[in-house]
Amino acid sequence: KGRMNLNRVEMPKQEPEDRRRNFDEVATGYTYEMAMEEASRCIQCKKRNCQQGCPVNIDIPDFIKHLQDGNIEAASRVLKAKTSLPGICGRVCPQELQCENSCTLNKKGAPVAIGRLERFIADWERSQGAVSTPEIAPSTGKCVAVVGTGPSGLTVASDLAIRGHQVTMFEALHVAGGVLMYGIPEFRLPKEIVQREVQYVASLGVDIQLDTVIGINYSLDELLNTKYHAVYLATGAGLPQFLRVPGENLNMVYSANEFLTRTNLMKAYLYPEYATPVKMGKKVAVIGGGNVAMDSARCAVRLGAQEVYVVYRRTRQEMPARLEEVENAEEEGIHFHFLCNPTGFISDGRNNVSAMELIRMKLGEPDASGRRRPVPIEGSEYTMDVDTVIVSLGTSPNPLISSTTPDLETSRWGTVVTDERGKTSKARVWAGGDIVSGGATVISAMGEGRRAASAMHEFLSQ
Amino acid sequence: MFPIVAHEELAPKVHRMSVKAPIVAEKSKPGQFVILIVDEKGERVPFTISGWDASKGTVDFVYIEVGKTTCRLGSLKPGDQLAHFVGPLGKPAEIDHYGHVLAVASGYGASAILPVLKALKEKENRITTILQAPDRERAFGCAELEEVSDRLVLAIGTPGEDMTVSATRLLRKLLANHPQNPIHRVIVMGSLCLMRVISEMTRPYAIKTMVHLTPLMVDGTGMCGACRLSVKGNNRFACVHGPEFDGHEVDGWDVLMARRCTYADESVLQQSFQCRGCSQW
Ligand SMILES: Cc1cc2nc3c(=O)[nH]c(=O)nc-3n(C[C@H](O)[C@H](O)[C@H](O)COP(=O)(O)OP(=O)(O)OC[C@H]3O[C@@H](n4cnc5c(N)ncnc54)[C@H](O)[C@@H]3O)c2cc1C
Ligand SMILES: Cc1cc2nc3c(=O)[nH]c(=O)nc-3n(C[C@H](O)[C@H](O)[C@H](O)COP(=O)(O)OP(=O)(O)OC[C@H]3O[C@@H](n4cnc5c(N)ncnc54)[C@H](O)[C@@H]3O)c2cc1C
Ligand code: SF4
Ligand code: SF4
Ligand code: FES
Ligand SMILES: [Mg+2]
């Protein structure tokens, strides 16, 4: 083995000044040459540290080996054996905490850019037009309902369809894809890529019923008592949380869900070609420090806001957002205000928000999650002029299904309780993704789907 | 796709549309609504279900042309298709035997309230209905309202400065008679300001007054929070906890009205939406 090459190949990006004005993808992806150069840095460790860092256990050294040999098709097959959404995971996985964090080269500070390579392979396959569909097992005669078409539902649907079960997916919205469609913006994850994955799942024989709300059009029991031998619940965590401070319902105080849904799912950035409007002021405060806050702030910039502030009650170190996205946001001119928390919103006299009252915070003792708890500093109140606020505090599961299914055990946070393979308290019902975790990542939602699918397959094969 | 099976004009700029949507028709209850999208570039717009036929799989609603999407709807013909149609959304209206129910309807409410009144009639309530309309030409749906009401009173005229529309004058008289001819429940389906004014009028008499609120909505399933409003100090989502609320428990009407008109300036034919006291105008 030669010397370690510590020069990670950077991925080209749109210049901040340009990308502030468009919704096109920020990172434009590796060229063939770049991908080959980056792949050549992998030293093919025997211990496969990287693979253990991946929540779905992708055979990372193997796919990179195929890349090194110039066999992209074989690399793609290795990926597809463990993930049906490589083009998505390669873009939005928090790789710095997962596969790349565990890469041997990370000890020297320059892990192999596994995510970027994964993305390159998926994009290459797409550009070739030919998507290899796996062999589908003969029909088992068993029917499965999958509720919710986010990454967790899509994974279960494709896994079970390949094993010969007849799968129907139900989606409340008018488009399949879950948060991948309504939350994560186009400039991070082009919607065309998500729809291609959805079409791939449909091409396996999965029937996708849009505009259908389980808990309304069919109850969970109706599904179980009619056609379906088993049900997988993957309805995510779509219920927005609010600060519960005075003035929070004033005009131009958005929840991140409303703001992102208008902007991404309904394509308000293309208004009036698309009929849904989104109103954007000049001075915007985004409350929160996660990926949702970063996405909201970066959408606000692109919709023409002049100044955008991210207001977070802890410090940069505690921010749950991906580092890469924080850096992107900073490059795009977004300002960060740490250690402060809104205590109220003030009206302009016409019920539009015109200012925000805040209190400064300091970090106290660590809480249950190990993060130091923010505590208000008495007497440090101040105000800040804003004409738009986007509350991005996180979400919890929508109670629509649990409230219509009394025998489905839920936790006090509203999440559905399951065993380690996704089985719920209710016979023939499994669950996974954000409805179980309360809000995690695309890849963990997929991983839980994969485990549940194998458990469901065992059950259906009995 | 959801085919339009019938489409008729009830009054100038007022239409009834009937759409084939079996899974919606199957579960519809009085007071619920649908959200539809005209085409793939369309917005999600809510409409109250004014009737349904589960055996034919059809759902009806009545709409007024006020802006882009409703005008677009107005141009569609039977046989055309809507891209999306989801429902029934929201909680059904509360139905029980109350005694004497006073219903007040204006605008599309004249038709949207019909399923609620029919259900109340089945529970053997005595129903007095006031239909508020700006002029006779726009007082549509009288025949159907008459059928489900014991008494129908027309209140014709545009609101004055103090919002003393004919309906509120009539209501004042009825309330003056309240001890002799008690009203056990009031239901209002109309403009936000009419619902607000009537709630304030019945409050001193402690007559339970149900209003059907229409804040801006996007998803209609409790995901976006656009439709939130304050009820007895708690945040409620009109699309899942409503749209029917106790008008005496709704606080922050000013904010509710302001939020409803966030996009007012984007619209073409807004005048008909202008409420008294709405700060967005
Ligand atoms: C703005 C934003 C940015 C994010 N960024 C990242 C990131 O960069 N990287 C990352 O890994 N993760 C990110 N996440 C988290 C990630 O998107 C989620 O963890 C993941 O999407 C969860 O998948 P899921 O399948 O459980 O549910 P979801 O993706 O939430 O999908 C659930 C689906 O179920 C539907 N549904 C709900 N109720 C019903 C019902 N009753 N009947 C029928 N259908 C129903 C919903 O409409 C939705 O389509 C982000 C989340 C958000 C909101
Ligand atoms: C629960 C509910 C039930 C309704 N039932 C009916 C009905 O039976 N018949 C009827 O004619 N109208 C009904 N509406 C109002 C109807 O949704 C609006 O008139 C329609 O969206 C106007 O669209 P537009 O593009 O033509 O006009 P726009 O110019 O877009 O809007 C005109 C006005 O309509 C309201 N509006 C616009 N978009 C929305 C939206 N997404 N959600 C709610 N209100 C909006 C706003 O007040 C706006 O100022 C209902 C609204 C709600 C929330
Ligand atoms: S799926 Fe995510 S964690 Fe796994 S290898 Fe790919 S980028 Fe890394
Ligand atoms: S740990 Fe890093 S260097 Fe080693 S095989 Fe995995 S990707 Fe290659
Ligand atoms: S319309 Fe989105 S929560 Fe009610
Ligand atoms: Mg509109």
Side-chain angles (χ1 to χ4, degrees), chain A residues 171-175 179 182-183 209-213 215-219 222 235-242 244 247-262 265-268 270-279 347-352 391 395 398-400 403, chain B residues 2 21-24 26-27 32 34-45 67-69 72 83-90 215-230 234-235 237 240 252 254-263 265-267 278-281:
Chain A
E171 171 55 53
L173 289 171
H174 57 284
V175 183
V179 170
Y182 77 72
Q209 302 274 340
L210 303 173
D211 305 310
T212 310
V213 192
I216 292 182
N217 297 111
Y218 309 102
S219 68
E222 276 175 288
T235 50
L239 193 72
Q241 283 162 14
F242 290 92
R244 302 174 187 224
E248 202 171 14
N249 289 353
L250 286 170
N251 229 357
M252 298 306 286
V253 180
Y254 288 102
S255 80
N257 272 11
E258 178 189 355
F259 178 69
L260 291 172
T261 300
R262 283 184 184 275
L265 181 71
M266 305 312 295
K267 297 205 188 306
L270 296 175
Y271 181 86
E273 186 197 343
Y274 283 76
T276 306
V278 65
K279 207 164 179 173
S347 160
D348 66 350
R350 298 176 61 233
N351 294 309
N352 304 302
V391 181
T395 51
N398 190 317
L400 207 60
S403 68
Chain B
F2 301 83
I23 65 167
V24 183
E26 181 70 38
K27 294 286 165 93
Q32 290 184 298
V34 295
I35 285 188
L36 63 82
I37 305 181
V38 179
D39 61 32
E40 292 305 333
K41 292 184 178 177
E43 58 180 340
R44 295 176 68 95
V45 284
K68 223 159 93 182
T69 300
R72 179 78 206 288
H84 299 279
F85 196 85
V86 61
L89 302 172
L216 293 187
M217 292 187 177
V218 183
D219 64 306
T221 63
M223 180 271 272
C224 75
C227 66
R228 68 191 188 273
L229 62 126
S230 173
N234 295 312
N235 235 1
F237 291 175
V240 287
D254 282 336
V255 176
L256 179 64
M257 285 159 74
R259 286 181 65 86
R260 165 149 166 114
C261 289
T262 309
Y263 294 96
D265 52 343
E266 309 273 343
S267 179
C278 171
S279 57
Q280 298 307 295
W281 294 91

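Just so we're on the same page: letters track the sequence lines, and every chain starts at 1.
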Which portion of [X] sits near chain A, non-hydrogen atoms under 4.5 angstrom:
X	answer
B:Ile23	both
B:Phe85	backbone
B:Val255	both
B:Leu216	side chain
B:Arg72	neither

Taking A:Ala275's backbone N and O only, do any of them form a donor-acceptor pair with B:Lys68's side chain (distance below 3.5 Å, no angle check)?
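No; zero donor-acceptor contacts below 3.5 Å.
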Could you tell me whether a side-chain N or O of B:Lys27 sits under 3.5 Å from a main-chain N or O of A:Asn217, the two making a donor and an acceptor?
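Side chain of B:Lys27 to backbone of A:Asn217: a pair is present.
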Taking atom types as modelled, find out whether B:Arg228 and A:Asn249 have a side-chain donor-acceptor pair closer than 3.5 angstrom.
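A pair is found: one side chain offers a donor N or O, the other an acceptor, under 3.5 Å apart.
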Just give me the residue among A:Thr212, A:Val175, A:Val253, A:Val213 that pairs up with chain B most often, heavy atom to heavy atom, under 4.5 Å.
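Greatest number of close heavy-atom pairs with chain B: A:Val253.
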Let me confirm one number: the [atom1]-[atom2] distance from [X] to [Y], rounded to the nearest 0.5 Å.
X	Y	atom1	atom2	value
B:Met223	A:Leu265	CE	CG	6.5 Å
B:Ile35	A:Asp211	CD1	CG	10.5 Å
A:Leu210	B:His84	CG	NE2	6.5 Å
A:Met252	B:Arg259	CE	CZ	10.0 Å
B:Arg44	A:Thr276	CZ	OG1	9.5 Å
A:His174	B:Glu40	NE2	CD	7.0 Å

So for A:Tyr218, is it side chain, backbone, both, or neither that comes closer than 4.5 Å to the heavy atoms of chain B?
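Both the backbone and the side chain of A:Tyr218 come within 4.5 Å of chain B.
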Is it the side chain or the backbone of A:Pro272 that comes within 4.5 Å of chain B heavy atoms, both, or neither?
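Both the backbone and the side chain of A:Pro272 come within 4.5 Å of chain B.
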For B:Glu43 and A:Met266, which heavy atoms make the closest approach, and how far apart are they?
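Where B:Glu43 meets A:Met266 most closely, the heavy atoms are CA-CE, 4.1 Å.
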What's the shortest heavy-atom distance between A:Pro240 and B:Gly225, and which atoms?
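The pair with the smallest heavy-atom distance is CG-N, 4.1 Å.
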Should B:Asp219 and A:Tyr182 count as side-chain neighbours, where that means a heavy-atom distance under 4.5 Å?
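No. Closest side-chain heavy atoms not under 4.5 Å.
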Step by step, work out the side-chain hydrogen bond (donor to acceptor under 3.5 Å, both in side chains) result for A:Arg244 and B:Asn235.
CA-CA 8 Å; A:Arg244 302 174 187 224; B:Asn235 235 1; over 6 Å; no
Can you tell which of B:Gly220, B:Ala21, B:Gly87 has the highest number of heavy-atom pairs within less than 4.5 Å of chain A?
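The option with the most such pairs is B:Gly87.
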